[in-house]
There are 2 protein chains.
Amino acid sequence: MEREQTDKRKMRGESSKSKIIEAGKTLFLENGYKDTTISMISKQAKTGYGTAYTHFPGGKEEIFFIIIDEILKEFYQIASVAYHVNSKEDSLILTRGNIEMFLKLAIKHQQALKVFHEAIGVSHIINEKWEEFIEKFIKRISINIQQAMDKGLTHHGDFDPEVVAGVLFYTGEKYMWKIALNKTDKDYRTISESLAQMYVNGLYK
Amino acid sequence: MEREQTDKRKMRGESSKSKIIEAGKTLFLENGYKDTTISMISKQAKTGYGTAYTHFPGGKEEIFFIIIDEILKEFYQIASVAYHVNSKEDSLILTRGNIEMFLKLAIKHQQALKVFHEAIGVSHIINEKWEEFIEKFIKRISINIQQAMDKGLTHHGDFDPEVVAGVLFYTGEKYMWKIALNKTDKDYRTISESLAQMYVNGLYK
DNA sequence: AAAAGAAATTGACACTATATCAACTTCTTT
DNA sequence: AAAGAAGTTGATATAGTGTCAATTTCTTTT
């Protein structure tokens with residue numbers, strides 16, 4: 001029969017599921033990735049140990065995956081805005097603005113990113129998720145580079161658009177992690193300014 | 001008494017130690033970091049399980065640390081060569097050359113770097129070792145940037161030398177890992193050329 | 001050269017975490 | 001109300017780490 005809304009078993013299942021996710025959110029932020037165990041999550045969620053595995057067969061990885069996904073969506077929005085560049089000056093303003101947005105998000109989600117960083121090192125699946133994310137960004141930047149090249153705005157020479165995009169993204173990424181891990185005391189504006197200038201002067205003539 | 005050369009106990013100890021390191025070298029390369037266990041190493045080295053811990057109290061981390069240290073020494077040599085830059089053209093040649101050396105080493109030690117990358121994600125101590133390595137490089141590059149700025153060779157604007165150095169190093173680092181992990185099919189020359197041009201055009205006027 | 005002591009080896013053990021599963025409870029359908 | 005499906009549960013198998021008391025091997029002391 002079709003009574004999706006009122007099937008008590010399904011509802012109980014959903015309830016357990018979200019209790020586990022909520023417990024995960026709390027505990028991962030508190031203790032990091034490695035030091036949070038299924039046993040701790042189950043306890044905090046007040047569900048049995050095995051319940052975590054029936055809802056999340058991938059165990060810890062899968063639970064964390066779902067939690068971090070929410071945060072990554074915010075970052076994706078930066079990459080999803082299309083824009084066109086008509087001059088070097090345009091590019092400087094846009095590039096600097098994008099880096100600033102990116103680093104501001106890093107500050108906002110510092111704690112979560114710290115745990116994410118740990119998880120990337122440990123879990124293959126989480127690592128892949130981040131790689132996909134990077135690829136999307138690199139592709140996005142590469143398009144703009146190609147446009148600038150087509151318009152004759154760039155230096156002459158043998159530029160590989162992906163490597164050029166890498167200069168911007170990978171440096172920005174590294175500073176994102178530095179912010180998350182509290183490994184820099186530089187202001188996000190200092191970083192954005194220097195990086196944007198290097199990128200724009202590097203590419204545009 | 002002072003007979004360091006002929007103390008049989010010490011010699012036996014040294015022998016065990018190097019048998020364990022040798023076994024580690026083989027097994028880490030074969031199976032990666034996580035999937036190599038102390039138990040496997042001890043077996044291959046034909047020593048008892050506990051022996052590994054008497055010689056390397058830090059366990060797997062310490063064993064791997066010693067193994068990777070040898071390889072890192074080769075990389076350090078690139079950073080240890082001092083040079084002075086007098087023009088943009090100079091800089092392009094030197095920068096490109098250094099990136100090429102760096103990436104060639106990555107190709108040479110591809111397999112070991114792959115395992116190293118895994119270990120960095122898992123082990124705090126190994127990670128710190130890599131961070132120290134990075135810092136040394138960044139400092140080295142920053143000195144040259146400062147020199148170029150003092151000589152009035154660079155663009156005007158608010159450059160943070162460390163961020164500028166980061167543009168060069170972090171992008172290079174990322175491609176080093178890509179090579180190690182077989183995640184790029186770009187030629188090392190393509191990468192060096194594009195990155196060197198971006199860096200030099202970005203910084204020098 | 002025998003006894004005492006120091007160095008190195010060893011595998012059993014305690015510990016911790018993961019993933020699985022058979023028994024169980026709760027709810028739905030026949 | 002019987003059958004069956006969905007979800008829960010903790011005991012269990014498994015696998016790795018790090019520790020330690022017992023043991024062997026070699027050196028120093030008496």
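Values in this document were obtained by computation on a predicted structure and should not be read as measured data. Every chain is numbered from 1, with letters handed out A, B, ... down the list of sequences. Computed over heavy atoms, backbone and side chain alike; hydrogens, waters and symmetry mates excluded.
A donor-acceptor pair shorter than 3.5 Å cannot be found between the side chains of Y83(B) and D90(B). A donor atom on one side chain and an acceptor atom on the other are found under 3.5 Å apart for E61(B) and S123(B).
For F102(B) and F137(B), the ring centers sit closer than 6.0 Å to each other.
Across the protein-nucleic acid pair, F56(A) atom CZ and dG7(D) atom P stand 13 Å apart, rounded to whole Å. Across the protein-nucleic acid pair, M40(A) atom CE and dG10(D) atom C1' stand 19 Å apart, rounded to whole Å. Rounded to whole Å, atom P of dT10(C) lies 15 Å from atom CD1 of I38(B). When the C1' atom of dG18(D) is taken as reference, atom CD1 of I41(B) falls 14 Å away, rounded to whole Å. Rounded to whole angstrom, the span from the CG atom of N31(B) across to the C1' atom of dG16(D) amounts to 15 Å. Rounded to an integer number of Å, the gap from NZ of K8(A) to C1' of dT8(D) is 17 Å. Rounded to whole Å, the distance from NZ on K34(B) to P on dG16(D) is 12 Å. Remark: C1' of dA12(C) and OH of Y53(B) are 15 Å apart, rounded to the nearest angstrom.
Heavy-atom contacts from other residues, nucleotides or ligands closer than 6.0 Å to CG of D158(A) number 12 or fewer.
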Check residues 175-189 of chain A and write down every donor-acceptor pair under 3.5 Å in which the side-chain atom is one partner and the other belongs to a residue at least two apart or another chain.
| unit_1 | atom_1 | unit_2 | atom_2 | d |
| --- | --- | --- | --- | --- |
| W177(A) | NE1 | E173(A) | OE2 | 3.2 |
| K178(A) | NZ | Y170(B) | OH | 3.1 |
| K183(A) | NZ | E131(B) | OE1 | 2.9 |
| T184(A) | OG1 | K186(A) | N | 3.1 |
| K186(A) | NZ | D160(B) | OD1 | 3.4 |
| K186(A) | NZ | D160(B) | OD2 | 3.2 |
| D187(A) | OD2 | R189(A) | N | 2.9 |

_Reading 5' to 3' through nucleotides 3-9 of chain C, protein heavy-atom contacts under 4.0 Å coded B for base, S for sugar-phosphate only, - for none_ = --BBSSB
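Taking for each of K60(B) and G50(A) the nucleotide of DNA chain D with the nearest heavy atom, the 5'-most of the two is the partner of G50(A).
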*List the steps and the verdict of salt bridge (Lys or Arg N to Asp or Glu O under 4.0 Å) for K108(B) and E74(B).*
CA-CA 11 Å; K108(B) 179 179 172 192; E74(B) 287 193 47; 3.0 Å; yes
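A donor N or O paired with an acceptor N or O is not found under 3.5 Å between the base of dA17(C) and the side-chain atoms of Y49(A).
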